[in-house]
S.K.: 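Here it is, the structure in full.
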Amino acid sequence: MSIAEKLPSILIANRGEIACRVIRTAQRLGLRTIAVYSEADAEALFVQMADEAYPIGPAPARESYLDADKILAVAKQAGAACIHPGYGFLSENADFAEACAAAGIVFVGPPASAIRAMGLKDAAKALVEKANVPVVPGYHGAEQGADFLRGEARRIGYPVLIKAVAGGGGKGMRRVERPEDFDEALASAQREGQNAFGDARVLVEKYVLSPRHVEIQVFGDSHGNVVHLYERDCSLQRRHQKVIEEAPAPGMTAEVRAAMGRAATEAARAVGYVGAGTVEFIADGREGLQADRFYFMEMNTRLQVEHPVTEAITGLDLVGLQLKVAAGEPLGFAQQDVRATGHAVEARLYAEDPEKGFLPSTGKLWALQFPEGEGIRIDTGVEAGDTVTPFYDPMIAKVIAHGATRDEALDRLGEALGETLVAGPRTNLAFLKALTEAQGFRDGPFDTGFIERNLSALGAEPQPLDAAAVAAAALQLEEERQLAGLTLASERADGEHRSPWLDADAFSLMPRPPLGLPLNVDGERIEARIEWHEDGAIVSLPGHDIGEGEHEVALAEAEPGAYFALHRGRQTAVSLFDPFGVDLDAAAGSGGVVKAPMHGKLIALFVSVGDAVVKGQRLAIVEAMKMEHVLTAPRDGTVSEVAGVPGSQVAEGAKVVVLGE
Ligand code: MV4
């Protein structure tokens with residue numbers, strides 16, 4: 001019996017690229033696909049792709065993609081045989097998995113008991129330790145008093161890491177170097193754990209130095225088979241957000257792979273695992289990967305964002321395998337049948353601004369274009385014209401490259417990124433391209449601190465004006481201005497209302513004088529000077545070197561007279577200067593205004609009006625997306641204004657503290 005005979009229809013309880021990804025395989029296998037969507041996603045690609053689609057509520061995830069009851073009601077109404085949760089949202093919600101089963105709908109994922117067993121860090125560690133899986137030395141017990149835990153930290157030896165028991169993704173995690181810093185770090189980790197997960201309990205571990213994140217993809221079926229599909233290296237992260245993932249891991253040996261693969265499948269067996277899962281290890285990377293220097297971190301009981309690199313090297317369709325296993329069939333292959341070919345890398349293209357501390361960026365995608373090429377795969381859930389909203393993860397696409405060697409894969413990835421065009425929101429495109437070329441990443445070994453140590457070399461700091469981009473846009477705008485017959489104030493100095501240079505006859509008779517074209521460049525007024533010569537025009541910008549352009553500038557029109565000039569992965573917004581259209585706030589620069597990085601809650605304020613502060617001093621803490629963001633002074637100064645009191649909500653970009661001289 002085929003998969004589609006056992007599971008004729010599937011509801012995808014997710015959105016964006018992963019919903020598209022699941023739909024593609026489900027349709028290939030002949031399943032009827034059912035999408036659910038929030039008000040923000042009515043026009044989204046995944047809704048268009050699905051055979052059927054049902055609205056499930058307002059944009060905030062809590063009222064739509066996280067509303068288990070609503071999704072189950074739709075599943076019953078539409079007659080869905082199974083539900084694929086994707087990643088995030090309800091994917092690791094044991095209650096939801098159970099509710100599906102109770103409704104007679106197959107949950108495409110592990111049994112609820114396995115999700116629960118791996119959900120709590122301390123319990124999961126104790127459990128896998130019994131199955132002979134190595135765990136980091138530490139205290140994972142119930143006693144939570146500060147004095148006791150400080151004693152445990154001393155016993156374990158500094159540096160230590162305090163982690164919220166219910167944590168994940170770095171939330172509620174504090175590295176402590178010295179005993180005297182222990183209490184403050186403990187209080188902060190407990191507070192974050194309480195706020196984010198409603199659980200203030202922590203565990204204390206030895207801090208693994210030069211940590212590398214290596215994870216093993218595992219698969220189980222309902223017949224007791226468990227295999228692993230090699231490893232992925234996800235060490236290239238920033239603040240626990242993966243940036244580039246790859247398979248296999250650089251420096252992996254057959255011996256370490258066998259040991260890690262065995263540990264991962266043992267961990268999976270220990271909880272009766274069925275379906276796709278990932279066992280995360282942390283490896284001490286100081287002397288290369290070693291069979292006795294990796295430790296179980298956690299198990300993710302879902303399909304992961306980075307699964308395409310595993311698909312690229314193994315040639316397997318992991319969603320197809322999930323459906324096969326969900327239909328009750330055996331995997332159909334054994335460990336020794338799993339082969340890997342070549343090397344694969346994945347880069348996550350995000351709507352965020354590396355030049356502004358990776359702040360999420362939103363807005364309409366005026367242009368979006370991806371290349372095709374040998375070994376290139378693009379997984380995306382958006383198209384030109386869509387809007388990146390603040391409601392969901394701002395990932396625009398995953399760019400995946402496969403090659404015979406790591407170098408070839410990285411070359412292909414870099415080339416693909418170079419041919420990718422995005423206009424509208426700021427993106428990390430240039431940053432990703434720089435990473436593919438970074439010597440330290442190319443040569444290895446690199447650990448999870450690589451990005452943070454190389455921010456400047458990777459261009460993740462304010463960059464000077466892209467004069468080549470502005471020049472290209474200036475010429476385009478000037479050409480359009482001539483075609484439209486618009487005159488500039490400077491051309492009207494003599495009282496004429498029509499420039500003689502817009503008149504074809506006059507143009508042919510006289511040499512054309514240089515022109516000063518007033519522009520709005522990313523909210524700043526800049527005058528471009530255009531000079532005409534026999535073989536074309538030359539643009540110069542006062543105080544800026546345009547340089548020889550070996551890289552093409554692509555122009556994406558936003559509205560008449562306004563362009564995004566795309567150049568080397570960066571964008572510059574250029575329009576004819578309109579004094580009433582300028583964002584004065586942006587043009588003035590932030591100076592001493594310290595703003596909330598995201599929508600959130602002000603949970604601590606350390607200064608009041610009149611306080612003298614020094615650059616880098618902590619001013620306030622904003623809690624957003626369940627994480628604490630410390631706001632620091634951008635320079636020395638005196639506090640001239642404090643907006644808000646602890647406990648109050650702050651909007652993204654709202655000023656929190658203002659510094660005077
Ligand atoms: C650690 C560690 C060092 N020692 N545990 C970060 C997220 C969470 N999954 C576990 N993490 C870490 N746990 C010990 N005992 C360093 C990290 C860590 C890290 C781990 C994986 C990937 C990126 C990381 C970045 C910083 C810290």
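First listed ligand is number 1; within each ligand, the first listed atom is number 1.
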S.K.: Keeping to residues at least two apart or across chains, list the ring-ring contact (aromatic ring centres under 6.0 Å, His included) pairs with something in residues 390-410.
M.R.: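 Output for this query lists Tyr65-Tyr392.
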S.K.: Of all the heavy atoms in Lys163, does at least one lie under 4.0 Å from an atom in ligand 1?
M.R.: yes
S.K.: Nearest non-hydrogen atom to atom 6 (C) of ligand 1 belongs to which of Arg239, Met173, Glu452, Glu205?
M.R.: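 Shortest heavy-atom distance from atom 6 (C) of ligand 1: Met173.
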S.K.: Hey, which of Glu205, Glu298, Glu280 is the one that makes salt bridge (Lys or Arg N to Asp or Glu O under 4.0 Å) with Lys125?
M.R.: Glu205
S.K.: Check whether any N or O atom of Gln237, backbone or side chain, sits under 3.5 Å from an N or O atom of ligand 1, and answer yes or no.
M.R.: no
S.K.: Among Arg175, Lys171, Glu298, whose heavy atom sits nearest atom 9 (N) of ligand 1?
M.R.: Glu298
S.K.: Can you check whether Ala185's main-chain N or O pairs, donor with acceptor, with Ser188's side chain at less than 3.5 Å?
M.R.: no
S.K.: Give a yes/no on ligand 1: does Glu280 have at least one heavy atom closer than 4.0 angstrom to it?
M.R.: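 Yes; Glu280 lies near enough to ligand 1 that a heavy-atom distance drops under 4.0 Å.
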S.K.: Listing request: all ring-ring contact (aromatic ring centres under 6.0 Å, His included) pairs with a residue in residues 251-282, at least two apart in sequence or in separate chains.
M.R.: Phe281-Phe294
S.K.: Counting heavy atoms only, name the option from His240, Met297, His213, Glu215 that's nearest to atom 21 (C) of ligand 1.
M.R.: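 The nearest heavy atom belongs to His213.
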S.K.: Backbone, side chain, both or neither: what part of Lys206 comes under 4.0 angstrom of ligand 1, heavy atoms only?
M.R.: backbone
S.K.: Can you list the atoms of ligand 1 that are under 4.0 Å from a heavy atom of Val136?
M.R.: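 What qualifies from ligand 1 is 15 (N).
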S.K.: For Gln290 and Glu287, indicate whether the former's side chain and the latter's backbone hold a donor-acceptor pair under 3.5 Å.
M.R.: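 Judged by distance alone, yes, a pair lies under 3.5 Å.
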S.K.: Looking at CD1 of Ile396 and CG of Leu349, how far apart are the two atoms once the value is rounded to the nearest 0.5 Å?
M.R.: 4.5 Å
S.K.: Have a look at Ile282, Asp447, Ile451 and point out the one with the heavy atom closest to atom 2 (C) of ligand 1.
M.R.: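 Residue with the shortest heavy-atom distance to the ligand atom: Ile282.
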S.K.: Could you tell me whether Val208 approaches ligand 1 through its side chain, its backbone, both or neither, with non-hydrogen atoms closer than 4.0 Å?
M.R.: both
S.K.: Taking Asp317 for its side chain and Val319 for its backbone only, find out whether a donor-acceptor pair lies under 3.5 Å.
M.R.: yes
